[in-house]
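Naming convention: chains lettered A, B, ... in sequence-line order (proteins, then strands); numbering from 1 in each chain.
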Amino acid sequence: MTSKIAMRILTAIVALIFLVSWITRSGSGMSDSAFTNVRDGFLITFAVFLTLSIFSFLYRDNPFYKFAESLYVGISAGYWMSYGFWSTIVGNFVPRASRSLSEFFHVPYQERADHILIYIPIIFGLILLTRLLPKIGWLSRWSLAFIIGATAGLNLTRYLRSDFISQVSNSFIPLFVDWKGAGDFVSHISLAADGQFIAILSNWVIFVGVMCGLVYFFFSKEHKGAFGVASRIGIWILMITFGASFGYTVMGRISLLVGRITFLFGDWLNIL
Amino acid sequence: MTFHDKLLALDRRWVFLVLAIFVILPILPFVKFSVPVTPVKEVREIYDFIEGLKPGDYILLSLDYDPGSMAELHPVAYAMLEQCYAKKLKVITLTLSATGAQMVEEIVRDVADSCKIYHGFKPERGIDYVYLGYKPYPGIIILGMGMNFRIPFPQDYYGTTLDSIPMMRGIKNYDNVKAVINLSAGNVSDMWVADGNARYGVKLALAMTGVMAADYYPYYQSKQVFGIIGGMKGAAEYEKLCKNPGSATDAMKAQVFAHVVIIIFIIIGNLAYFLGRRKTAQTQESE
């Protein structure tokens, strides 16, 4: 009972703050049109409400957070669906399918001889929807088979090229860059980023890192002796990689926080 | 309860509060200090590449992120687009993120408007830049554009057919653009590398959120991409190169404070953990 009263009081306070913010923001609008100022005031206030509702989860789960989360999921799904319709069905299919439909949707009709081909994906798309009808639901397997087969085939060739062949071939790097003998190397040694010493060091790090990383994942031989040492170096390389990734993740998350705080203090409170 | 027991039992909401204070504090107007920003090679290479292009050269900017990643990628988008406009390049923009369509349109329009103030001319839609809009299924779209931009994008965002846009006449596919710069907050970058670069050999550079950056450096080392702008730090570096300090440069102050706080918390947490472990070991020994 007490928590219900507390929730009502909290909701009333939030509503009051929302109203005051809306009125204040509408009054300080930049546009000559009163309607635009009132609308912008509402939009900024509502965005602030949603931001703070999401942040409130850090304290604990609550109805404001749940409302903001549900609103986000619902709007995203609806937006994506309607945008898909207008960009793909109206944008790609209608201009190629029918002159009268193009006129109806106000998109320019495109006359081309190969238009008949667009009916193949249309048919596949329609039979995918037969999953909704249990009696003929098996038809949808044809579409799924096409999607899985085409995706597997495309991914095999493209990732083989970009993530395997290119990566392997580019790992074959010279371990002694511009090598003209030890004397020349020692006399020209420098710590410049584009210098010979750093280039050689970088290539050795890559070479040792790749070899030791591979050794760590080689399980057909016991990790003992020199093999064990290489494996230990491999795990260190992996840990350093995860550390770099974690560092970037922290920076990314803080960036998002900074973005929202800048919005709250700048766009809403106008103190930045 | 000993001190380290208290530390280990600390409610994580205190950590959130301290972090929030140290992120808010440095961005307040009365806190005046700046963080030195030194552009790294992978960021500079993108800047130098664009600077090296001639007026009238075509460049494709694929802004594949949504409002959730604005804080990290907006600064790069604004700085890079302004650089391209100022260089009088022909800029083809598009997005492969559904919730980014209107946001990207706003960027393209905003930067064109600001060019009039800062550079004395306003790039014209259809002549200096084109915005193709959004289409779903990024991999298929990237492959389609490799054959002809008109396959996935018969019209631009505003419904104008590509053949009736002056800038797009004679522009067929990636062969006609000098490079593709992909600003991404998801796995679309993978598709640009696999479908754009590996399949069609398009010259590619990536700007991405901090979370993604470490995963894409192998592509830079293997020269599959010619530059990487990673997260807000990369954005600040790009702003510095463009001599156009903006929100990313300002945010570096908060980044420094936040990172120091996080490092201190990590040290305290580890200290408490090891002290606790030593105490447990001593207790077991005495028993």
Side-chain angles (χ1 to χ4, degrees), chain A residues 55 58-60 75-76 79-80 83-84 87-88 91-92 95-96 106-108 110 151 154-155 157-163 165-171 173 193-194 202 206 241-266 271-272, chain B residues 12-13 16 19-20 23-24 27-29 41 68-72 74 98-99 101 133-136 139 143 152-155 159-161 164 190-191 193-195 197-199 209-215 217-219 221-224 230-233 235 247-248 250-251 254-255 258-259 262:
Chain A
F55 278 161
L58 294 174
Y59 183 69
R60 69 172 185 210
I75 285 182
S76 296
Y79 178 83
W80 201 345
Y83 209 91
S87 66
T88 308
N92 281 8
R96 289 162 172 142
H106 302 288
V107 286
Q110 293 171 24
T151 310
L154 275 172
N155 281 351
T157 52
R158 64 187 194 175
Y159 284 112
L160 192 69
R161 203 187 314 215
S162 68
D163 284 36
I165 295 171
S166 292
Q167 287 293 312
V168 171
S169 64
N170 285 301
S171 297
I173 44 178
D194 53 353
S202 302
I206 292 168
T241 310
F242 297 148
S245 198
F246 175 70
Y248 263 116
T249 304
V250 168
M251 183 179 73
R253 299 300 180 231
I254 296 296
S255 301
L256 300 183
L257 179 62
V258 171
R260 283 294 84 192
I261 285 172
T262 308
F263 167 73
L264 292 175
F265 283 79
I271 57 171
L272 293 186
Chain B
R12 62 180 179 172
R13 285 175 288 198
F16 297 150
L19 194 62
V23 169
I24 293 167
I27 61 171
L28 293 176
K41 188 168 165 263
S69 306
M70 273 165 64
E72 287 188 273
H74 249 35
T99 43
Y134 162 77
K135 284 282 151 60
L143 285 172
F153 293 102
Q155 301 113 31
T160 316
T161 52
S164 34
D190 281 332
M191 295 169 198
V193 173
D195 298 324
N197 175 266
R199 170 73 180 82
T209 56
V211 177
M212 297 162 62
D215 294 340
Y217 268 85
Y219 294 123
Q221 185 272 324
S222 64
K223 298 184 177 59
Q224 288 167 273
M232 198 170 251
K233 178 180 162 287
S247 57
D250 290 341
Q255 286 281 1
H259 277 70
I262 289 167

| field | Verdict with reasoning, A:Arg253 to B:Val211, per side chain to side chain contact (heavy atoms under 4.5 Å, CB included) | value | CA-CA 8 Å; A:Arg253 299 300 180 231; B:Val211 177; 3.5 Å; yes
| said: Please find the pair of heavy atoms, one from B:Gly231 and one from B:Glu72, that lie closest to each other, and give the distance. | reply: CA-OE2, 3.4 Å
| request: Compare every heavy atom of B:Ala101 with every heavy atom of A:Tyr83, then report the nearest pair and how far apart it is. | output: OH-CB, 3.3 Å
| query | Side chains of A:Gln167 and B:Gln224: is there a donor and an acceptor less than 3.5 Å apart? | reply | yes
| What part of B:Tyr217 gets closer than 4.5 Å to chain A, counting heavy atoms only: side chain, backbone, both or neither? | side chain
| field | Considering all heavy atoms, the nearest A:Tyr79-B:Thr99 contact | value | CE2-CA, 3.6 Å
| Proximal component of A:Pro108, with respect to chain B [non-hydrogen, under 4.5 Å] | both
| request: Work out which heavy atom in B:Phe153 is nearest to a heavy atom in B:Lys135; give both atom names and the distance. | output: CE2-CG, 3.4 Å
| field | Side-chain (A:Arg158) to main-chain (B:Asp195) donor-acceptor, under 3.5 angstrom | value | no
| Among B:Met212, B:Gln155, B:Arg199, who wins on heavy-atom pairs under 4.5 Å with chain A? | B:Gln155
| note | With chain B, the option among A:Ser255, A:Gly259, A:Gly266, A:Ser171 that has the most non-hydrogen atom pairs under 4.5 Å is A:Ser255
| request: Identify which part of B:Asp215 has an atom lying under 4.5 Å from any heavy atom of chain A, answering side chain, backbone, both or neither. | output: side chain
| remark: Most heavy-atom pairs under 4.5 Å with chain A, out of B:Pro29, B:Ala235, B:Gly159, belong to B:Pro29
| note | Assert top hit (heavy-atom pairs under 4.5 Å, partner chain B, pool A:Thr151, A:Asp163, A:Ile165) equals A:Asp163
| Most heavy-atom pairs under 4.5 angstrom with chain A, which of B:Ser247, B:Ala254, B:Pro152, B:Ala248? | B:Pro152
| note | Ranked by heavy-atom pairs below 4.5 Å to chain B, first place among A:Phe265, A:Phe263, A:Tyr159 goes to A:Phe265
| task | Go through B:Ala251, B:Pro218, B:Pro136 and name the one with the most non-hydrogen pairs under 4.5 angstrom from chain A. | result | B:Pro218
| Is chain B contacted by the side chain of A:Ile75, its backbone, both, or neither, given a heavy-atom distance below 4.5 Å? | neither
| field | By salt bridge (charged side-chain N to carboxylate O under 4.0 Å, His left out) - contacts of A:Arg260 (at least two apart) | value | none
| query | Which residues satisfy the salt bridge (charged side-chain N to carboxylate O under 4.0 Å, His left out) test with B:Lys233, sequence neighbours excluded? | reply | B:Glu237
| request: Could you look at B:Met70 and say if it's the side chain, the backbone, both or neither that has a heavy atom under 4.5 Å from chain A? | output: neither
| request: Can you tell which part of A:Ile173 gets under 4.5 Å to a heavy atom of chain B, answering side chain, backbone, both or neither? | output: side chain
| message | Quick check on B:Ile262 against chain A: is it the side chain, the backbone, both or neither that has a heavy atom closer than 4.5 Å? | response | side chain
| note | Looking only at B:Gly139, B:Ala71, B:Ala98, the option with the highest number of non-hydrogen pairs under 4.5 Å against chain A is B:Ala98
| Option in B:Val23, B:Leu19, B:Thr160, B:Thr209 with maximal non-hydrogen atom pairs under 4.5 Å from chain A | B:Val23
| Taking every heavy-atom pair that is under 4.5 Å apart, which of A:Ser169, A:Ser76, A:Ser87 has the most such pairs with chain B? | A:Ser87
| message | Give me the atom names and distance for the closest heavy-atom approach of A:Met251 to B:Gly230. | response | CE-O, 3.7 Å
| message | Using every non-hydrogen atom in the two residues, find where A:Asn170 and B:Gln221 come nearest and quote the distance to one decimal. | response | O-NE2, 3.5 Å
| field | Residue B:Phe16 versus chain A: region with a heavy atom under 4.5 Å | value | side chain
